[in-house]
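Only one structure is covered here, and it is reproduced in the block below.
Protein chains get the first letters and strands the later ones, always in sequence-line order, with residue 1 at the start of each.
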Amino acid sequence: MNHWLFKSEPDAWSWDQQVANGVKGEEWTGVRNYQARNNMRAMKVGDLGFFYHSNIGKEIVGIVEVIRESAPDSSTDDARWDCVVIKAVRPVKKTVTLDACKVEPGLAAMALVTNTRLSVQPVTAEEWRIVCNMAGIDPI
DNA sequence: GCCAACGTTGGC
DNA sequence: GCCAACGTTGGC
């Protein structure tokens, strides 16, 4: 199983909205970046990810699960773009801010820190463990 | 609201 | 195929 991180501006789509969608989840439309898209194409149903609020908060607020593999993005006719569907699994006990990630030695190479503009990122097993620990939850 | 970083586009 | 121009993201 692989781990990921999804960024969203809470103004546009927040964790609360994601939670409100329940088990039907949300199609992760709007990604127009090849790297981010390729990351989604690599996802399998059951993969887990962090849900990160960019701009406002700048913190990891919850855990999501991939519930459909990448398929054409319904928000565009452009065949280049496709996306997965994710559902909220659980909130973190304690949000993990970008600042906290930056000062954590084990997260120095994390894409969140090194590649700020990438909206869908891979997270290594070790990074996953460290962030879950900081978030006060058991790694699932 | 500004701007740095970075990705994409298009002229040559 | 290079690179300048441009657009977007996201931290500050």
Side-chain angles (χ1 to χ4, degrees):
Chain A
M1 203 237 298
N2 289 309
H3 297 103
W4 312 94
L5 182 144
F6 297 84
K7 284 187 187 173
S8 184
E9 294 189 37
D11 273 352
W13 184 256
S14 71
W15 172 249
D16 286 346
Q17 287 171 289
Q18 183 71 46
V19 169
N21 267 21
V23 294
K24 77 180 167 76
E26 176 71 6
E27 187 188 4
W28 207 250
T29 58
V31 171
R32 301 290 181 266
N33 170 282
Y34 292 108
Q35 245 185 300
R37 183 208 62 187
N38 290 344
N39 287 333
M40 289 199 287
R41 286 186 176 180
M43 294 177 190
K44 298 279 197 300
V45 170
D47 278 359
L48 298 173
F50 292 124
F51 192 102
Y52 174 81
H53 276 167
S54 62
N55 271 309
I56 301 167
K58 283 170 286 178
E59 58 191 3
I60 291 165
V61 293
I63 306 283
V64 292
E65 179 182 344
V66 176
I67 59 171
R68 190 206 70 191
E69 68 184 37
S70 204
D73 181 333
S74 67
S75 70
T76 177
D77 289 331
D78 192 329
R80 291 178 298 169
W81 306 117
D82 48 54
C83 61
V84 296
V85 175
I86 58 176
K87 71 166 185 185
V89 175
R90 60 199 267 202
V92 296
K93 278 212 186 83
K94 187 172 172 299
T95 61
V96 178
T97 64
L98 176 61
D99 284 345
C101 292
K102 280 182 176 170
V103 299
E104 167 58 45
L107 300 180
M110 193 179 184
L112 187 66
V113 176
T114 60
N115 194 356
T116 53
R117 291 180 66 256
L118 186 59
S119 60
V120 180
Q121 318 180 340
V123 174
T124 67
E126 180 66 3
E127 288 162 356
W128 183 265
R129 193 188 62 74
I130 292 170
V131 173
C132 284
N133 187 49
M134 293 162 78
I137 58 177
D138 293 328
I140 307 172

> ring-ring contact (aromatic ring centres under 6.0 Å, His included) with W128(A): which residues, sequence neighbours excluded?
Replying inline: H3(A), F50(A)

> How about E69(A): does its CD atom have over 12 heavy atoms from other parts shown lying under 6.0 Å from it?
Replying inline: no

> Quick one: are W4(A) and V123(A) in side-chain contact, heavy atoms under 4.5 Å?
Replying inline: no

> Is the distance between the ring centroids of W15(A) and Y52(A) under 6.0 Å?
Replying inline: no

Are there any protein N/O atoms within less than 3.5 Å of an N/O atom in nucleotides 5-11 of chain C, and if so, which ones and at what distance?
residue	atom	partner	partner atom	Å
dT8(C)	O2	R117(A)	NH2	2.6
dT9(C)	O2	R117(A)	NE	2.9
dG11(C)	OP1	Y52(A)	OH	3.0
dG11(C)	OP2	N55(A)	N	3.1
dG11(C)	N7	N55(A)	OD1	3.2

> Reckon N115(A) touches a base, only the sugar-phosphate, or nothing at all at heavy-atom distances under 4.0 Å?
Replying inline: nothing

> Side-chain heavy atoms under 4.5 angstrom apart, residues restricted to Ile, Leu, Val, Met, Phe, Trp, Tyr: same cluster for L48(A) and I86(A)?
Replying inline: no

